Student: 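One structure, pasted below without further comment.
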Protein chains: 2
Amino acid sequence: MLKNPVVLLDLISRLANLMRSEFRRVGSDEGLQPVHVQALLFLEQVNRFSNTPQALAEYLGLTKGTVSQSLLLLDRRGLIERYQDEIDRRVVRLRLSTLGEAFLNESNPSGLWHTATRDISANRVRYSVSVLRAALYELQGFTGGPVFGVCNTCVYCQRKSQRIHHCTWFGERLSGPETRKICRDQVPKTGSLSAAD
Amino acid sequence: MLKNPVVLLDLISRLANLMRSEFRRVGSDEGLQPVHVQALLFLEQVNRFSNTPQALAEYLGLTKGTVSQSLLLLDRRGLIERYQDEIDRRVVRLRLSTLGEAFLNESNPSGLWHTATRDISANRVRYSVSVLRAALYELQGFTGGPVFGVCNTCVYCQRKSQRIHHCTWFGERLSGPETRKICRDQVPKTGSLSAAD
DNA sequence: GTTCATAGTATCGAATCGATACAAAATTTT
DNA sequence: AAAATTTTGTATCGATTCGATACTATGAAC
């Protein structure tokens with residue numbers, strides 16, 4: 001008997017494999033490997049508390065040494081910028097350069113994904129997101145790594161007014177767009193995992 | 001604005017990355033790389049029409065040359081067996097060896113996934129499966145590759161009696177367990193993509 | 001101030017991966 | 001039937017990722 005969770009895992013693996021191929025295709029013009037495209041997409045989505053080599057390594061499930069190499073290449077190509085953190089001078093902050101943003105806009109790595117999911121209703125997407133998010137949260141708990149998640153589904157994300165949010169974890173103000181990015185230290189709100197939001 | 005399909009893609013990527021790490025961990029004792037574990041899992045799930053190097057290459061999104069190398073390694077380790085097809089003598093058929101099955105049973109590569117999804121209801125899993133299956137079907141259409149899917153959700157899979165099924169595509173009889181495996185030439189039944197089954 | 005932990009880099013060897021070329025079998029065309 | 005073409009899989013090569021280890025620099029603990 002083929003258990004349903006196995007089927008789900010198989011679908012996830014296969015989708016990831018296909019997108020990996022797509023990333024390879026998309027990056028081939030610039031001589032970029034799939035992992036480089038993934039790194040750029042990460043930097044596009046991540047918030048300003050989590051844009052470090054360490055976070056990227058944990059996100060990709062690779063060692064920091066490996067990721068350091070990839071970042072070196074992206075830096076040499078001028079696709080990213082690295083700068084020192086103001087407070088903790090050990091940490092390096094990463095951001096997309098203008099060239100990097102241009103590359104993502106032109107090559108559009110997730111374009112194929114968009115067209116493939118075009119006909120799936122927003123409700124069905126939301127529902128699946130909540131299921132996968134639950135699985136991810138559990139999985140991240142077991143592996144001991146940090147928990148990546150969208151900022152505005154986090155218990156520490158407080159809405160102060162219509163436009164102003166506040167993160168009680170880092171103790172900083174957040175703009176609206178910032179709350180839709182991915183954070184390394186997210187703690188899901190109760191209920192956001194068990195029900196479709 | 002972070003669009004929901006992007007969030008879904010991000011979740012899938014991240015889950016795949018984590019499972020890839022898990023596969024690396026699981027295979028390290030035997031000196032196996034993640035891709036080897038994936039190959040073994042593929043052979044565990046695939047039906048007897050699709051257990052070829054070519055199918056595996058398409059499933060993994062790699063070239064046949066690359067996959068040929070991985071199969072060589074798995075063969076040397078005695079984890080798989082390769083034998084010629086009776087009818088078309090160009091094609092090589094693959095199957096797990098006793099050792100290969102034992103490795104999967106002992107190392108249990110999807111064990112972590114099982115525990116992580118333990119508390120997700122069967123209904124929610126089924127629903128997500130139907131959504132991801134729709135995305136996969138679309139994606140596979142664009143990339144031109146074959147369409148992998150579970151046999152019993154295929155239009156060619158006919159139920160003759162309680163125990164006997166028939167594939168009108170390959171023109172062969174199928175046992176019950178066989179209809180729950182993955183086929184390379186699956187064509188989803190209408191409705192199985194748009195609604196939770 | 002000494003010790004320890006953390007973030008990142010450098011270097012090295014092992015292994016994947018794609019590209020190309022190749023061999024063998026099947027299919028199609030002539 | 002014979003030749004050309006297609007398909008399936010393998011072999012070899014170089015480029016690149018990747019983990020492991022060692023190392024530097026900064027911060028934290030005591």
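Source: prediction; values computed, not measured. Lettering of chains follows the sequences in order, A, B, ..., and the numbering in each one begins at 1.
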Student: A:F23 CZ to D:dT16 C1': how many Å, rounded?
Tutor: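 So the two atoms are 19 Å apart, to the nearest Å.
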
Student: Any chance CZ of B:R173 has more than 12 other-residue heavy atoms, nucleotides or ligands included, within less than 6.0 Å?
Tutor: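 Counting neighbours around CZ of B:R173, 12 or fewer heavy atoms of other residues, nucleotides or ligands fall under 6.0 Å, so no.
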
Student: Can you tell me the distance, in whole Å, between the CG atom of B:L56 and the C1' atom of D:dT8?
Tutor: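 Interatomic distance, CG of B:L56 to C1' of D:dT8: 14 Å.
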
Student: Between A:R126 and A:N123, is there a side-chain donor-acceptor contact under 3.5 Å, judged purely by atom types and distance?
Tutor: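 Present: a donor and an acceptor within the cut-off.
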
Student: Please classify the nucleic acid contact of A:V35 as base, sugar-phosphate, or nothing, using heavy-atom distances under 4.0 Å.
Tutor: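 The answer is sugar-phosphate, as A:V35 gets under 4.0 Å only of primed atoms, P, OP1 or OP2.
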
Student: From CG of B:L71 over to C1' of D:dA11, roughly how many Å is that when rounded to an integer?
Tutor: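 Going from B:L71 (CG) to D:dA11 (C1'), I get 14 Å.
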
Student: What's the closest nucleotide to the B:H36 side chain, out of D:dT17, C:dT9, C:dT16?
Tutor: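 Looking only at side-chain atoms, B:H36 lies closest to C:dT16.
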
Student: With the side chain of B:Q69 defined as its heavy atoms from C-beta on, choose the nearest nucleotide among D:dG19, D:dG9, D:dT12.
Tutor: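 The listed nucleotide nearest to B:Q69's side chain is D:dT12.
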
Student: Is there a side-chain contact between A:C183 and A:F170, using heavy atoms and a 4.5 Å cut-off?
Tutor: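 Answer yes - side chains close enough.
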
Student: Considering only D:dC18, D:dT10, D:dT8, which nucleotide approaches the side chain of A:S70 most closely?
Tutor: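 The answer is D:dC18.
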
Student: May I have the list of side-chain donor-acceptor pairs in residues 67-77 of chain B shorter than 3.5 Å, sequence neighbours left out?
Tutor:
from  : atom 1 : to    : atom 2 : distance (Å)
B:D75 : OD2    : B:R82 : NE     : 3.1
B:D75 : OD2    : B:R82 : NH2    : 3.4
B:R77 : NH1    : B:E30 : O      : 2.7

Student: What are the residues of residues 87-96 of chain A, sorted by number, that bring a heavy atom to within less than 4.0 Å of DNA chain D?
Tutor: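 When residues 87-96 of chain A is checked for heavy atoms under 4.0 Å from DNA chain D, the hits, listed by number, are A:I87, A:D88, A:R89, A:R90.
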
Student: Distance check needed: C:dA25 C1' versus B:Q84 CD, whole Å only.
Tutor: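 B:Q84 atom CD is separated from C:dA25 atom C1' by 9 Å.
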
Student: Looking at A:I120 and B:A135, what are the two nearest heavy atoms and their distance?
Tutor: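 Scanning both residues, the minimum pair turns out to be CD1-N, 4.0 Å.
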
Student: By nearest heavy atom, map A:P53 and A:R20 onto DNA chain C; which one lands nearer the 5' end?
Tutor: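 So the residue in question is A:P53.
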
Student: Quick check for you: among C:dT9, D:dA20, D:dG9, whose closest atom lies nearest to any side-chain atom of A:K64?
Tutor: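 Closest nucleotide among those given: C:dT9.
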
Student: Taking five pairs at each end of the helix from C:dG1-D:dC30 to C:dT30-D:dA1, what angle separates the two helix axes (nearest 10°)?
Tutor: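 End-to-end axis angle: 30°.
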
Student: Specify the separation, in whole Å, of atom CG of B:D75 and atom P of D:dA11.
Tutor: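 It is 11 Å, rounded to the nearest whole Å.
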
Student: Would the distance check show the side chain of B:W113 and the main-chain N or O of B:M19 forming a donor-acceptor pair, the cut-off being under 3.5 Å?
Tutor: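 Looks like no, no N/O pair under 3.5 Å.
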
Student: In terms of side-chain heavy atoms of B:L62, which of C:dC17, D:dT10, C:dT9 is nearest?
Tutor: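 In terms of side-chain proximity for B:L62, the closest of C:dC17, D:dT10, C:dT9 is C:dC17.
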
Student: So, A:N47 and A:S50: side-chain donor and acceptor under 3.5 Å apart, yes or no?
Tutor: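 Judged by distance alone, the side chains do pair up.
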
Student: On the nucleotide D:dG19, are OP1 or OP2 found under 4.0 Å from the side-chain N or O atoms that A:T66 carries?
Tutor: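 Answer yes for this pair, as a side-chain N or O of A:T66 is under 4.0 Å from OP1 or OP2.
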
Student: Of the non-hydrogen atoms in A:R14 and B:Y59, which two are nearest, and what is the gap between them?
Tutor: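 Where A:R14 meets B:Y59 most closely, the heavy atoms are NH1-O, 2.9 Å.
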
Student: Could you check which of D:dG19, C:dA7, D:dT17 has an atom nearest any side-chain atom of A:L73?
Tutor: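 Looking only at side-chain atoms, A:L73 lies closest to D:dT17.
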
Student: Between A:L32 (CG) and D:dA15 (P), how many Å, whole number?
Tutor: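 After rounding, the reported distance stands at 18 Å.
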
Student: Would you mind telling me which of C:dT9, D:dT8, C:dG8 lies closest to the side-chain atoms of B:Q54?
Tutor: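 Of C:dT9, D:dT8, C:dG8, D:dT8 is nearest to the side chain of B:Q54.
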
Student: Using atom CD of A:Q33 as one end and atom P of D:dC18 as the other, report the distance to the nearest whole Å.
Tutor: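 Nearest whole value for this atom pair: 8 Å.
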
Student: Of the candidate nucleotides C:dC17, D:dT10, D:dG9, which contains the atom at the shortest distance from the side chain of B:S68?
Tutor: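 Out of C:dC17, D:dT10, D:dG9, the nucleotide with an atom closest to B:S68's side chain is D:dT10.
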
Student: What is the separation between atom CG on A:L74 and atom P on C:dG8, rounded to the nearest whole Å?
Tutor: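 About 15 Å, once rounded to whole Å.
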
Student: Examine distances only and state if a side-chain atom of B:T153 and a backbone atom of B:G149 form a donor-acceptor pair shorter than 3.5 Å.
Tutor: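 Absent.
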
Student: Below the 4.0 Å mark, does C:dC17 have OP1 or OP2 next to a side-chain nitrogen or oxygen of A:R24?
Tutor: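 No, because none of the side-chain N or O atoms of A:R24 sits under 4.0 Å from OP1 or OP2 of C:dC17.
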
Student: So for atom CZ, which belongs to B:R89, do other residues, nucleotides or ligands contribute more than 12 heavy atoms lying within a distance under 6.0 Å?
Tutor: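 No.
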
